[in-house]
Amino acid sequence: MQRLHDKGRHDAPNQSFFWRSSDGAVSIYLIVSTAAMLLFTALLIDLARIAAFEQQSRLAAQSGIRSALSAYDGALYEQYGLFGTGGSDRGELFAQAVSHNWTSDEGGFKLLDGKTEASHVDSYEVLGLHQVFNRQVLEEMKYKAPIDFTLEVASKFAPMASAMKEAAMSVELLEQLRQLYDEREKRLQEVITIQKEAAASVKKAIGSRMTGSARDIVSLYGSYEQWISEDTIRSMKKLPPLRTDAINFYRNYASNEADSIVAVLDEAAILHRESGRKAMILLQEAKGLNSAMEDAVKRMSEEGTGDGYDRMNQQKLTGARSGSLQAGELSTLRESREAAEGIVLDQAWFEAYEEELRHQTVDIQQAAAKAAPFRQVVLASIGGIGMSELLQESLQQLEGAYGIYGDRYIQPGTVILSRQKEMESRQSSDQERKSNEAAAESKWLQVKQQLQSMTSAPNQEDHQEAFREVKERMEANLKLNEAAASPLIDDDLAGGEDADVDAGEKTRGSMTSMGKIFSGMADVLEGIRDPLYVNEYIVHRFHSFDPKLFSSSPASGQSTAEAFSSGLALENQEVEYILYGFNEPAANVAAAYGEVFAARLAIRTMEGIIACKGLGHPLLILSAAVLYGLEKSLADMITIAQEGKVELSKYTPVEFSYLDYLRVFLLLHGSSEAKTARIIAVIERNLGGVSLSSVSTGLTGELTSSVKLWFLPGLMKSFTGTGILNGKVKGNRYEATHTIGWSYG
């Protein structure tokens, strides 16, 4: 037992050794595991610090760029509501704002000890670029412009939409018809003249022969027979003849006159064929003009005009006032247009006239056809005796044929007389119409003289330097934006001179421009906002010409026009210059005056059509309405010169100022690169020569910063090489670069 026990004790040391060997392996395992965990933890800590550092750097860059943008040009904002960099150094502001992001409590533990390695600020947008400039203008005006325009302009025009549509359609149609009508009547008058001339030539050439020679031949034939009988008896008595000379004279006379009658009538027939051909050509031209009139009436009734008027009429505008136009007055405007159908001739009328022209040639040909048999009878008669009855019968046939022609075309000339009376009846109002048109031309001449006097105002050279400067700035801005200057305003709209265009055509042009105005209003009210915002910006931020200075213009007849000339300085007509772009001081003001007059003319002509409805003939109504419009418009311009505003219409009794008209014209002429360039040029000049092409509205800030790596710079460097990290490792610091862009809007 003892031995067994000893044996058991003897085995114990071997077991202890076994356990000591096992404890070493575990230690090594634990050491390796702990080291790996520490390495991984260190990696995570640095990665977390890098991620936090990246976020802090981005925030620092954002803070820096916002701080840099806080230095804006105060004068630019105060005067024009635009933001552009100015004042303090933007790079310094950026750096200062960034540095504040690295600060921490002194002596405290710094989890991130970031610092700025480098920073700088660059511009990436400038206010001189049109898209940037317009974007800021839209932002500035997005609340104010729609409300102001709707209340102050659109709501006043809206009640007139239906009336102006009807008036525009009436003037457009009647003015087309007036020109066609005058040309048609001119050709029809020429046709009648040809008919009269042909008949007059027949009367002159044949009339005396028919009433003299032909009848003399017949009336003297009895004497001729007697002379022959007497000489025959004497011959039988072996006496010499006594009537030989008389007999020979009669024979020669009768033969020659008969030949002459045939020749003249044949010549008249030839003349009538040629005259008839000319008259037929003119009649066909008149017929073509009449067809054009008919087409114009049909086209107007089918297509109409005034999409803009209809769209404005459909708008439900806040503040719109109801006018006093009643259904009866609108009906009057429509009736004046519908009455135009009455001056269009039926096609059957021309067919009847064509037949009439052919008959005139046929009638003279039938007379000519009776001349040859008459000559044959005359020749037969002078060869013997006993032909008196046959000769008388032949003369009656000739006179009968000629008498038919004479009754119809000479005396009384029933056919031509009927045509003449019909034409006089159709043209009964033409004399009064022509008188109205002449008076209208006289009024229009006054307007042209006023415009001429404005453009020739003295001392304009005093203002030329300012216009030269803005022109150069505009061209430089267009070059920056790689755009070409757009055409200037159409002379028709600006009241420009045109010696070949009469008052009626000018009125038609005014109506056309009024249609464009209503279309433009409808566009902006339906959502085309950008042009409206820019236009309202121009009106609110720039100066316009004082309309009261119109009364001091050279056209006013005053001995001096110094006040008017002084008012032509650029700073007094910025809106007009931006609108029209003329580089002559008085040209923009004259253009505005002409357009205001054109707008007044359109409105007043509408009133004139209603006022002159009792005149009957549609073209007479048109001429009277145009004269009414011109007279009232001239009076309106005097009112504007005295008060700066005028009642929009007797049917829409609201006041409309000169500046309101400029707002309408800005809308009428639309947007262009040149107009935007002119706005910028004026701003630059007023800011003392600052160039908006160098005024930044957007900045990019680049920040390069670093943070100290705590544990494994080498491992982090390998991560940057493989793209896992975006920055780079320099020594024991991780460095990253962030670029942030920001703009004012």
Side-chain angles (χ1 to χ4, degrees), residues 145-146 148-172 304-315 317 320-321 323 325 333 489-495 506-536 538-539 544 575-576 578-580 591-607 629 633 636-637 640 645-649 651-652 654-672 675:
D148 285 356
F149 184 81
T150 300
L151 292 177
E152 298 172 13
V153 178
S155 62
K156 296 178 180 179
F157 265 90
M160 291 198 305
S162 296
M164 288 307 302
K165 174 187 175 181
E166 295 295 339
M169 292 174 67
S170 295
V171 171
E172 175 68 21
T305 185
D307 173 64
Y309 298 113
D310 292 337
R311 288 157 56 208
M312 272 294 289
N313 217 12
Q314 294 167 2
Q315 298 292 326
L317 300 179
R321 304 184 184 185
L325 275 166
L333 292 168
I489 183 174
D490 187 341
D491 281 345
D492 268 354
L493 299 177
K506 282 293 185 182
T507 304
R508 180 181 179 184
S510 298
M511 285 295 182
T512 300
S513 66
M514 186 60 69
K516 293 178 181 178
I517 287 172
F518 274 89
S519 294
M521 288 184 189
D523 287 342
V524 298
L525 294 174
E526 290 173 356
I528 304 177
R529 60 170 196 170
D530 293 5
L532 171 64
Y533 291 4
V534 174
N535 293 342
E536 290 297 290
I538 294 169
V539 170
S544 62
V575 175
E576 287 85 353
I578 292 169
L579 173 56
Y580 302 113
Y593 183 95
E595 281 209 284
V596 173
F597 182 84
R600 297 305 310 159
L601 178 58
I603 294 170
R604 290 298 198 176
T605 301
M606 176 270 291
E607 298 175 2
S633 298
D636 289 342
M637 298 309 295
I640 290 174
K645 57 189 176 182
V646 70
E647 187 177 76
L648 187 59
S649 168
Y651 300 109
T652 308
V654 293
E655 291 183 338
F656 212 68
S657 70
Y658 170 76
L659 185 59
D660 289 335
Y661 279 110
L662 293 184
R663 296 164 79 175
V664 171
F665 302 150
L666 284 164
L667 186 66
L668 174 62
H669 297 301
S671 301
S672 69
K675 186 167 88 171

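In this chain, residues are counted from 1 in sequence order.
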Please find the pair of heavy atoms, one from [X] and one from [Y], that lie closest to each other, and give the distance.
X	Y	value
G629	S633	O-OG, 2.6 Å
R600	Y661	NH1-OH, 2.8 Å
S544	L659	OG-CD1, 3.6 Å
L648	I603	O-CG2, 3.4 Å
Y658	A592	OH-CB, 3.5 Å
S671	P531	OG-CB, 3.7 Å

Working to the nearest 0.5 Å, report the span between [atom1] of [X] and [atom2] of [Y].
X	Y	atom1	atom2	value
L579	I538	CG	CD1	8.0 Å
E172	T507	CD	OG1	12.0 Å
D530	N535	CG	CG	10.5 Å

Test log, rule side-chain contact (heavy atoms from CB on, under 4.5 Å), inputs L662 and V539: CA-CA 8 Å; L662 293 184; V539 170; 5.6 Å; no
Any side-chain to backbone donor/acceptor pair from [X] onto [Y]? Under 3.5 Å, distance only.
X	Y	value
K516	H669	no
S155	T150	yes
S170	L333	yes

Contacts of type side-chain contact (heavy atoms from CB on, under 4.5 Å), residue V153, not counting sequence neighbours: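 Partners of V153 by the side-chain contact (heavy atoms from CB on, under 4.5 Å) criterion, ordered by chain and then number, come out as F149, F157, M521, F656, D660, R663, V664.
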Any heavy-atom pair between the side chains of [Y] and [X] that's under 4.5 Å?
X	Y	answer
Y593	M637	yes
E607	R604	yes
K156	T652	no
M169	M511	no

